[in-house]
Amino acid sequence: MKKVVLFSFSCVLMMLAVSYTNDQFKSSSLKAAFKHKFLIGVSLNNGQIWGRDTAALKIIKTHFNSVVAENCMKIVSLQPREGQFRFRDADQFVNFGEKNKLFIIGHTLIWHSQTPDWFFVDADGNDVSREVLIERMRRHITTVVSRYKGRVNGWDVVNEAILDDGSWRKSKFYNIIGEDFIRLAFEFAHAADPKAELYYNDFSMAQEGKRNAVVRMVHKLKGLGLKITGVGMQGHLGLDYPKVADFEKSILAFSAAAVHVMITELDITVLQNPGRSMGADISQNYTYKKEMNPYAAGLPDSVAKILEQRYVAFFKLFLKHQNKISRVTLWGVTDGDSWRNNWPVFGRKDYPLLFDRQYKAKPVVQIISEMSLME
Ligand code: XIL
């Protein structure tokens, strides 16, 4: 009899211990779990910025402490025609960020993509001179950065200026101005808001050539006495690329160049790129074929598991280098919002984010939160 009582008593104790452990680790939110490690951010689309997507708003407010505009601060949105600035959506985005006390990122001041043609040509359609393009850059950057002075905390000043092999992307900015366009963009942004953090942002940053070129660029800007606060590693990842070890090499290399490292556009596609490309060049576009869309009816558990393991592996890496990483930002709230459903093939069904189409947190949210809380 005594033995039975003792046994039941120890069972109750064990149960209590287990539930205590669970409660201890049950984090109410990602931002609580990663507090004191790094900011955890998300990109917002216009439905979220204007409050139409109320279910997404709940997730944003609960889980994230930093926001970046997915599209409304790109040149095509802010200055679709020369001198005609449109700030409605961007104003609303910044108001939203301030109201919710979020660390606000402006994306992006200078990028070869989503920049209207007028930016580079004269009335006859010919490329403008170096001086004219510099003046257009100056005017755009100064107008935008001054408008949000003291409100936008950090800017992606230049996006995607370097190719995977480390050579310069032959964009209109590069072809007309030369590599100086990068220095000038940082100068103009700094003059407009001396306190704002300023970043260089790019994809495929785990590639050796790009890594080395970005390090050289950071040294060069710093050598000229310019402010560059951080390097953003767009995290458009796949299930089998890049290698975690290569990504780690880049975190270490950028940090050694004395800048903060940010993972700026995290998503992990479960789909193949028909071009086998591992980057995020948004000009890629392949015609839809049914066989390219294998998970239209749902994601098999086996693939969901691989996706989960990828997220765990990368968050393990981010936590390992938490003293070098200042922010990790997801590129979208739910799988339904993700640009990956439409790039590089329009109309596929992808599952790249932390929340599913029903606005439910995937199990990995709890796993990475616990990983962080256990550190
Ligand atoms: C993407 C947006 O998510 C899409 O909505 C838009 O149609 C194209 O651009 N690298 C970047 C981001 O820096 O601005 C891109 O965002 C994705 C790749």
Side-chain angles (χ1 to χ4, degrees), residues 30 33-42 66 68 105 154 156 159-166 197 199-219 221-222 228-270 273 276-281 305-331 340 352-354 364-365 367-375:
L30 285 168
F34 291 108
K35 203 172 168 195
H36 307 308
K37 309 264 159 81
F38 38 71
L39 291 170
I40 182 95
V42 70
S66 174
V68 56
I105 308 296
D156 288 339
N159 200 27
E160 303 176 359
I162 296 169
L163 297 175
D164 291 2
D165 65 3
E197 297 193 350
Y199 319 126
Y200 174 76
N201 193 53
D202 212 328
F203 61 77
S204 291
M205 292 286 245
Q207 299 270 349
E208 193 182 357
K210 193 173 277 202
R211 176 196 305 137
N212 294 338
V214 171
V215 167
R216 278 197 300 274
M217 189 190 75
V218 170
H219 284 313
L221 292 176
K222 284 186 175 256
I228 171 165
T229 323
V231 164
M233 302 174 69
Q234 294 181 17
H236 297 299
L237 315 177
L239 294 184
D240 54 3
Y241 68 85
K243 288 200 188 112
V244 175
D246 291 336
F247 206 88
E248 180 171 34
K249 280 185 195 157
S250 298
I251 294 175
L252 294 171
F254 301 147
S255 172
V259 281
H260 294 165
V261 180
M262 276 147 278
I263 319 304
T264 51
E265 303 184 11
L266 184 58
D267 53 25
I268 306 182
T269 184
V270 298
N273 184 321
R276 306 295 308 154
S277 156
M278 294 179 292
D281 184 341
K305 202 77 217 155
I306 300 173
L307 175 65
E308 182 177 294
Q309 285 162 355
R310 272 302 263 183
Y311 261 115
V312 168
F314 275 96
F315 269 92
K316 209 181 244 172
L317 180 72
F318 303 156
L319 285 168
K320 179 175 172 192
H321 295 297
Q322 57 186 269
N323 61 338
K324 304 175 178 63
I325 295 176
S326 56
R327 172 169 55 93
V328 176
T329 288
L330 275 297
W331 201 243
R340 291 282 202 160
L353 295 168
L354 295 179
V364 72
V365 169
I367 299 173
I368 56 176
S369 299
E370 288 180 8
M371 272 165 47
S372 181
L373 291 167
M374 274 192 288
E375 283 262 319

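The distance from the CG atom of D281 to the CZ atom of F203 is 5.0 Å, given to the nearest 0.5 Å. Put simply, OG1 on T329 and CG on L266 are 9.0 Å apart, with the number rounded to the nearest 0.5 Å. Put simply, OH on Y311 and CG on L354 are 4.5 Å apart, with the number rounded to the nearest 0.5 Å. Annotation: the span from M278 atom CE to T269 atom OG1 amounts to 14.0 Å, rounded to 0.5 Å. For the atom pair I40 CD1 and I368 CD1, the distance stands at 6.0 Å (nearest 0.5 Å).
With a 4.5 Å cut-off on side-chain heavy atoms, E265 and N201 count as touching. In this structure, T264 and I105 have side chains that are not in contact, with every pair of non-hydrogen atoms separated by 4.5 Å or more. Side-chain contact check for I268 versus L239: some heavy-atom pair is nearer than 4.5 Å. L39 places none of its side-chain heavy atoms less than 4.5 Å from the side chain of S326.
The closest donor-acceptor contact from the side chain of R327 to the backbone of H260 lies at 3.5 Å or more, if one exists at all. Put simply, the side chain of S250 gets close to the backbone of M205: a donor and an acceptor are under 3.5 Å apart. Of the possible polar contacts, none joining the S369 side chain to the A33 backbone as a donor-acceptor pair under 3.5 Å is found. At distances below 3.5 Å, not a single donor-acceptor pair connects side-chain atoms of K210 with backbone N or O atoms of D202.
Checked against side-chain hydrogen bond (donor to acceptor under 3.5 Å, both in side chains), E197 has the following partners two or more places apart in sequence or in another chain: Y199.
The number of heavy atoms from other shown groups lying within 6.0 Å of NZ (K316) does not exceed 12. More than 12 heavy-atom neighbours from other residues, nucleotides or ligands sit within 6.0 angstrom of CD on Q309. Taking a 6.0 Å sphere around CE of M371, one finds it holds more than 12 heavy atoms contributed by other residues, nucleotides or ligands. The environment of NE2 in H236 is crowded: more than 12 heavy-atom neighbours from other residues, nucleotides or ligands sit within 6.0 Å. Residue-environment remark: NZ (K324) exceeds the threshold of 12 foreign heavy atoms within 6.0 Å.
Using the six-membered ring where Trp is involved, F314 and F318 have ring planes that are tilted, between 30° and 60° apart.
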(request) Carefully, step by step, assess F34 and L319 under the rule side chain to side chain contact (heavy atoms under 4.5 Å, CB included). (result) CA-CA 9 Å; F34 291 108; L319 285 168; 4.0 Å; yes
(request) Take K320 and I251 through the side chain to side chain contact (heavy atoms under 4.5 Å, CB included) test and state the conclusion after the steps. (result) CA-CA 11 Å; K320 179 175 172 192; I251 294 175; over 6 Å; no
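Aromatic pair F254/Y200: ring centres not closer than 6.0 Å.
Pairs of residues two or more places apart, or lying in two chains, that qualify as salt bridge (charged side-chain N to carboxylate O under 4.0 Å, His left out) and include a residue from residues 306-315 are K305-E308.
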